[in-house]
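Written out below as structure tokens is the structure these notes cover.
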Amino acid sequence: MDPVQRQYETYPYPDRDPADEAKRLIEGSPSYPVEIDHFLFGGKRDWSKPFRALVAGGGTGDGLIMLAQKLADIGCPAEIVYMDLSTASRAVAEARAKTRGLTSITFVTDDLLAAPEHGLFDYIDCCGVLHHLPGPDSGFRALTEALAPGGGIGLMVYAPYGRTGVYPLQSALTRLVGEDAPAEQVRLARRVLDDLPDANWFSQNRLLGDHRNSEAGLYDLLLHSRDRPYTVTNLVEALAQAGLAPVSFLEPARYDPLRYLPRDDAIRERVQAIAPFDRMALAEELAGNMKTHVVYAARAGEAAEAKPSRAAAVPRLKGVSPAALARQVAAKGGFTLDSDGLTFRLDLPQTSAPLIGAIGGRSLQQIAGEAGLDWLGFSAAWAPVHEALTGFNLLHYSERARR
Ligand SMILES: C[S@@+](CC[C@H](N)C(=O)[O-])C[C@H]1O[C@@H](n2cnc3c(N)ncnc32)[C@H](O)[C@@H]1O
């Protein structure tokens, strides 16, 4: 058996207990329907229409369950195909779906390279998978082939700099324990970790913790037999060879190099002279903390990210209530946000607080009207709200999908 397949049969990842579905829903990015609408369907999708999605390499089901549950919540007639090579992972994902009574999912045990044989999909989720394929480029191409016209993909791949220390240690552990049975590999790896020199880059890297959470986490991080990270440049190239282009990396503001540079006109001018994807590559090199890249992508030329210039656009906040955010902005003129070891400050005009407080199912035009602003005045007042909040993936536009 292929060693990657053997790994996920032995250690389904991430480690999940289906009984926990009764207590909580795991939410994240990509694949939240409001986000899908915002990044791929211009915020205008009619969710009463059928929606076909593929979760490629669905594992134990985190993205799958969130997507299926949220689509069920908004009454979307969805058909979701889960595909994975690991039958052990599939069993966990199926049990989670059963606990929730989700009936929109078809479970398939297959290689994602066979995705096009399962029809065309409006949306494809593929998180933490392509970097484990023997030929990832074929995986990017297979998913693109399975994409319906106008559809899009939500991807996560590993990134190198935030995983500093992982790759030398993977190599060291392969030399030491690579031939052992998986449980013995885990036991010995733990012994090695206990005595790893403080100077080792893995010991120094405070961004990584998966190895402490579960055996599956340790195996996935440090004992993987096939794992290649992607820089921004690598990822843009991999997408391009499949005919795809990024719509947005998440969170977009983290990919702005000016966030990591001194306020200096000469430096700013140099940054502005750099091509957009190279600027993002520069941000990745300067930040140093990116462990993964999450990206929404579509066929080149088909990008349809929602825009605040549409009066009918309906803004929705993620992870924070409009009233709470409005209070914070009114009192402090912004807030701080921690992300992988870095703290970002988001400044917002205190006068924008009532506009933020009005978010919640109303269109921009309605918000403008209630605030007594004409469209021009509203657009000027809304611009910093849009910029700051979409920059950190806290604001999306979706007319019909709610949170
Ligand atoms: C790290 S897990 C990620 C699971 C899930 N996507 C998530 O984000 O929680 C990787 C999954 O990809 C699956 N996988 C690896 N190669 C595959 C392939 N060629 N086709 C289908 N699934 C694959 C593995 O079996 C494993 O369940």
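Counting starts at 1 for both ligands and their atoms, in listed order.
Using a 4.0 Å cutoff on heavy atoms, Leu64 does not count as a contact of ligand 1. The closest approach between any non-hydrogen atom of Pro14 and ligand 1 is below 4.0 Å.
Thr174 places a side-chain N or O within 3.5 Å of a backbone atom of Gln170 that can act as its donor or acceptor partner. Proximity of a side-chain donor or acceptor of Gln185 to a complementary backbone N or O of Val177 within less than 3.5 Å is detected. Gln5 places no side-chain N or O within donor-acceptor distance of the main-chain N or O of Ser86, the cut-off being under 3.5 Å.
Atom 4 (C) of ligand 1 has as its closest protein heavy atom Gly57 O, 3.5 Å. The protein atom (non-hydrogen) at minimum distance from atom 20 (N) of ligand 1 is Leu112 N, 2.9 Å. Nearest protein neighbour of atom 14 (N) of ligand 1, counting heavy atoms only, is Val129 CG1, 3.8 Å. Looking only at heavy atoms of the protein, atom 27 (O) of ligand 1 is closest to Asp84 OD2, 2.7 Å. Scanning the protein for heavy atoms near atom 16 (N) of ligand 1, the closest one is Leu133 CD1, 3.8 Å. Residue, atom and distance of the protein heavy atom nearest to atom 17 (C) of ligand 1 are Leu85 CD1, 3.6 Å. Of the protein's non-hydrogen atoms, Cys127 O, 3.5 Å is the one closest to atom 3 (C) of ligand 1. Here the heavy atom of the protein found nearest to atom 10 (C) of ligand 1 is Gly128 O, 3.5 Å.
Using a cut-off of 4.0 Å between Lys/Arg side-chain N and Asp/Glu carboxylate O, Arg96 and Asp17 are scored as not salt-bridged.
Cation-pi geometry between Arg228 and Tyr230 is satisfied (NZ or CZ under 6.0 Å from the ring centre, within 45° of the ring normal).
Under 4.0 Å from ligand 1, the heavy atoms of Tyr8 that appear belong solely to its side chain.
The atoms of ligand 1 that sit less than 4.0 Å from any heavy atom of Asp110 are 20 (N), 21 (C). Listed by atom number, the atoms of ligand 1 under 4.0 Å from Gly59 heavy atoms are 4 (C), 27 (O).
Ligand 1 has an N or O atom lying under 3.5 Å from an N or O atom of Asp111, backbone or side chain. Looking at Ala56 next to ligand 1, no N or O pair under 3.5 Å apart turns up.
Proximity of the aromatic rings of Tyr8 and His224 is defined here by a centroid distance below 6.0 angstrom, and this criterion is met. His211 and Phe202 have their aromatic ring centers within a separation under 6.0 angstrom.
Between Tyr255 and Phe249, the ring planes are tilted. Angles from 30° to 60° get that label.
Residue Ser89 forms a side chain to side chain contact (heavy atoms under 4.5 Å, CB included) with just one option from Tyr13, Tyr82, Tyr11, and that option is Tyr82.
Under 3.5 Å, the side chains of Tyr296 and Ser29 contain no donor-acceptor pair of N or O atoms.
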